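Working notes, beginning with the structure itself.
Note that the coordinates shown come from a computational prediction; the quantities given were computed from them, not determined experimentally.
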Amino acid sequence: MTFQNTLDFAQQLDLQDPLKTYRNEFIFPQHEGRDVIYFTGNSLGLQPKRTRKFVDEVMNDWAHLAVEGHFFAEKPWWDYHERFALPLSKIVGAKPSEVTVMNTLTINLHLLMVSFYRPTAKRFKIICEEKAFPSDQYMFQSQVHHHGFNPQEAIVEIKRREGEHNIRLEDILSKIEEVGDELALVLFGGVNYYTGQVFDMKTITEAGHRVGAYVGFDLAHAAGNIKLDLHDWNVDFAAWCSYKYMNSGPGNASGCFVHEKHHQSNLPRFAGWWGHNKERRFKMEPQFEPVQGAQGWQVSNLPILSLAPYLASIEIFDEVGMDALIEKRDIITSYLEFILKEIAQEVGSAFEIITPAIPTARACQLSVFLHGEGRSLFDYLMKNGVITDWREPNVIRLAPVPLYTSYEDMYRFGQILKAGILHRN
Ligand SMILES: *Cc1c(COP(=O)(O)O)cnc(C)c1O
C-alpha cells in the first residue's frame with residue numbers, strides 16, 4: 001500500500017478499518033476536549049466500557065448472595081477462572097487444559113520455575129536475553145541463589161552485537177549449543193519490552209530441547225499482540241500479564257501455560273487447594289492430588305474482582321480474533337513508521353527506529369531513538385495529548401494498539417511531533 005501523510009488519507013483508512021467500531025468500546029483520557037493519542041497500551045491498556053458491568057455483577061452478587069455467591073452467583077466464583085480457558089487458549093495457541101489464570105506475572109514465573117528450573121551440579125545454567133525486563137532479572141538471580149548457585153556463573157545473557165539494537169537468532173542458537181548439557185532452562189521474552197523485537201519462539205524452543213533443557217517464555221508483551229502457537233511450538237511453559245495489550249486493568253492477574261506433555265508428570269510444584277482435584281476440593285483431604293492441566297499449578301482461590309475485568313477484555317478478544325487484530329496491527333504500525341519517516345525528512349531530524357524493520361520480527365511497537373532531541377520533546381508530546389513512554393537515554397516507545405487506535409491518530413501525532421521539533425528549534 002502506498003501511504004500518504006494527509007488527514008484525508010488517514011480518514012480513508014479509518015473508514016475501511018474492519019475494527020473501527022472497537023475504538024468506541026474503550027474509554028480514552030481527555031485532553032482539551034478530545035481523546036488523547038494513546039501509544040502506551042503496551043504498558044497499560046485502556047479500560048473497555050463493558051468492564052464496569054462485569055465488575056458490578058460481582059459486587060452485586062457479593063452484596064446479595066455473600067458466601068452463596070461461590071455457587072449461585074451469575075457466574076459462580078468457585079470455577080470462575082474456567083471461563084478463561086477456551087478464549088485464552090485461542091489467544092496463545094494452546095489447548096484449553098494448558099492455560100489458566102492466577103496470581104500475577106512474576107509470581108507465576110517463579111512458580112513455574114519451581115517446576116522447570118531444577119538445577120543439578122552439572123546442569124544449572126539459565127539462558128535469557130540481555131537487558132531482560134528487570135523483574136525477570138531479579139527473579140533469575142533470586143532463583144539461582146535459592147538453589148545455592150552463583151548467578152554470575154549460572155545466568156547466561158545473550159548479548160546484542162556491538163552497534164546493533166537487536167539480538168540475532170543465530171547468536172541465541174549458538175549460545176544454546178555452546179552451553180549444551182550445562183543448560184537447565186531457556187527463559188526468554190516473547191517480545192522484548194524495550195526494542196519491540198519478536199523472538200522466534202519455535203526455533204528457540206527446538207534448540208533448547210535439543211540440548212535437553214526446558215524452554216519457557218515471558219509473554220508480557222506478546223499475549224494479545226502476536227500470533228502464538230505455544231502448543232505446536234512445544235513450549236514447556238509460559239506466563240503473561242493481562243494489563244498491557246489485554247486491557248484488564250492495573251496490576252491485574254496473569255495467565256499461564258503448561259504444555260500438555262507435563263500434565264501427567266510428577267514435576268515438583270508449590271501446591272495449594274485450588275490446584276487440587278476439583279471434585280474433591282471441598283472434602284478437605286490431607287493428600288494433594290493435582291488437577292490434570294495448567295490448573296494444577298493454581299494455589300489460592302481466585303480474586304474474582306480482578307478476574308471480572310480480565311473476563312470482559314477476553315470477551316472482546318474472542319469477538320475480534322487475533323487474525324483480524326494482527327492484520328490491522330501490521331498496517332497501522334507501517335503507517336506510523338511511514339509518518340515518522342515523513343516528519344523526520346520534513347524537519348531534518350534523524351529518528352532511528354530500533355525495532356526490527358522486518359514484519360516477522362516486530363509487532364505493535366516501534367521504539368524510536370530521537371537523535372538530537374531530548375526529553376523536552378517527550379514533555380511537549382505529553383502536554384499536547386500524546387501519551388507515549390520515555391526510556392533513557394532518549395527512546396520513545398510507540399504502540400499503535402490495533403483495537404483502539406486510529407489512522408487519524410497516527411496522522412495527528414505526526415503533526416504534533418513536527419510542531420514539537422520546530423517549536424524547540
Ligand atoms: C510488564 C512486564 C512484567 C511485569 O511483571 P508483573 O509481575 O506483572 O509486575 C514482567 N516481565 C516483562 C517482560 C514485562 O514486560
Side-chain angles (χ1 to χ4, degrees), residues 1-7 9-10 13 31 36-43 130-131 160-168 189 191-198 221 225-226 244-245 328-402 405-425:
M1 192 182 307
T2 324
F3 291 132
Q4 294 170 23
N5 182 19
T6 65
L7 181 59
F9 182 83
L13 287 179
H31 175 79
V36 296
I37 300 174
Y38 197 70
F39 279 121
T40 43
N42 57 346
S43 188
E130 178 191 35
K131 294 198 199 137
R160 291 153 180 83
R161 293 191 189 183
E162 187 71 30
E164 295 185 7
H165 294 299
N166 295 288
I167 297 175
R168 293 196 192 193
V191 177
N192 181 266
Y193 81 99
Y194 186 80
T195 61
Q197 178 181 15
V198 177
H221 282 261
N225 179 21
I226 67 172
K244 292 175 178 167
Y245 290 99
K328 176 173 173 189
R329 179 201 73 192
D330 287 344
I331 304 173
I332 199 166
T333 307
S334 297
Y335 190 53
L336 173 61
E337 183 181 33
F338 166 81
I339 297 279
L340 282 165
K341 287 181 177 161
E342 288 282 300
I343 300 300
Q345 211 169 35
E346 283 181 32
V347 298
S349 258
F351 304 147
E352 185 188 359
I353 299 177
I354 62 175
T355 307
I358 40 169
T360 50
R362 76 174 188 201
C364 184
Q365 172 182 328
L366 294 180
S367 300
V368 188
F369 250 113
L370 300 172
H371 292 301
E373 305 291 338
R375 204 185 153 103
S376 61
L377 178 59
F378 165 78
D379 292 337
Y380 180 90
L381 292 174
M382 292 294 276
K383 260 192 228 109
N384 286 276
V386 180
I387 314 297
T388 70
D389 160 310
W390 170 271
R391 295 279 147 149
E392 294 297 334
N394 63 345
V395 166
I396 54 171
R397 299 188 307 165
L398 305 165
V401 174
T405 56
S406 67
Y407 294 94
E408 183 174 336
D409 285 344
M410 302 305 116
Y411 169 78
R412 284 181 47 227
F413 162 66
Q415 296 306 300
I416 296 168
L417 180 67
K418 180 160 102 180
I421 294 169
L422 297 177
H423 164 92
R424 189 187 67 89
N425 292 333

Worked check of side chain to side chain contact (heavy atoms under 4.5 Å, CB included) between Val198 and Thr360:
CA-CA 7 Å; Val198 177; Thr360 50; over 6 Å; no
I'd like to know whether His221 forms a side chain to side chain contact (heavy atoms under 4.5 Å, CB included) with Ile226, so could you lay out the CA-CA distance, the side-chain angles of the two residues, the decisive distance to 0.1 Å, and finally the verdict.
CA-CA 9 Å; His221 282 261; Ile226 67 172; over 6 Å; no
Derivation and outcome, side chain to side chain contact (heavy atoms under 4.5 Å, CB included), residues Tyr38 and Val386
CA-CA 6 Å; Tyr38 197 70; Val386 180; over 6 Å; no
Between Val368 and Val395, is any pair of side-chain heavy atoms under 4.5 Å apart?
no
Check the orientation of Tyr335 and Phe9. Use parallel for under 30°, tilted for 30 to 60°, and perpendicular for over 60°.
tilted
Which value, rounded to the nearest 0.5 Å, describes the distance between Asn5 atom CG and Ile343 atom CD1?
5.0 Å
Are any of the side-chain nitrogens in Lys341 or Glu337 under 4.0 Å away from the carboxylate oxygens of its partner?
yes
Hey, does Ile37 have a side-chain heavy atom less than 4.5 Å from the side chain of Thr405?
no
Can you tell me how far apart OH (Tyr245) and OG (Ser43) are? Round to the nearest 0.5 Å.
10.0 Å
Output for pair (Trp390 CH2, Met382 CE), nearest 0.5 Å, gives 12.5 Å
Polar contact flag, side-chain donor to acceptor under 3.5 angstrom, His165-Glu352
yes
Which atom pair, heavy atoms only, marks the closest approach of Pro356 to Ala361?
CG-O, 3.4 Å
Value for OH (Tyr380) from CD1 (Ile421), rounded to nearest 0.5 Å, stands at 10.0 Å
Verify side chain to side chain contact (heavy atoms under 4.5 Å, CB included) between Thr388 and Arg397, making sure each step is shown before the conclusion.
CA-CA 6 Å; Thr388 70; Arg397 299 188 307 165; over 6 Å; no
Find out whether Leu398 and Leu336 are in side-chain contact, i.e. whether some heavy atom of one side chain is under 4.5 Å from a heavy atom of the other.
yes
Just wondering, do Ser334 and Arg362 contact through their side chains at under 4.5 Å, heavy atoms?
yes
How are the rings of Phe39 and Phe413 set relative to one another: parallel (under 30°), tilted (30 to 60°) or perpendicular (over 60°)?
perpendicular
If the threshold is 4.0 Å, N to carboxylate O, is there a salt bridge linking Asp330 and Lys328?
no
Would you check if the side chain of Asp389 reaches a backbone N or O of Thr40 as a donor-acceptor pair within less than 3.5 Å?
no
For the atom pair NZ (Lys383) and OG (Ser376), what is the distance rounded to the nearest 0.5 Å?
8.5 Å
With a cut-off of 6.0 Å (strictly less than), are more than 12 heavy atoms of other residues, nucleotides or ligands near CD of Glu162?
no
With no hydrogens and no angle check, do the side chains of Gln365 and Ser367 hold a donor and an acceptor under 3.5 Å apart?
yes
So do Lys131 and Tyr194 actually touch side chain to side chain, heavy atoms under 4.5 Å?
no
So, do Arg168 and Arg160 sit near enough that their side-chain heavy atoms are less than 4.5 Å apart?
no
Measure across Asn42 and Ala399 and return the closest heavy-atom pair with its distance rounded to 0.1 Å.
CG-CB, 3.7 Å
Is there side-chain contact between Val347 and Leu422, with heavy atoms separated by less than 4.5 Å?
yes
Heavy-atom count check: over 12 atoms from other residues, nucleotides or ligands less than 6.0 Å from Gln345 CD?
no
Atom CG in Leu381, atom CD1 in Ile387: separation rounded to 0.5 Å?
9.5 Å
Is it the case that the side chain of Arg329 and the backbone of Asn225 share a donor-acceptor pair, with hydrogens and angles ignored and the cut-off at 3.5 Å?
yes
Donor-acceptor contact present, side-chain Ser349 to main-chain Phe351, <3.5 Å
no
4.5 Å side-chain heavy-atom contact, Asn394 and Arg375:
no
Which one of Ile416, Asp379, Leu417 satisfies the side-chain contact (heavy atoms from CB on, under 4.5 Å) criterion with Asn384?
Ile416
With no hydrogens and no angle check, is any side-chain donor or acceptor of Asn166 less than 3.5 Å from a backbone partner on Ile354?
yes
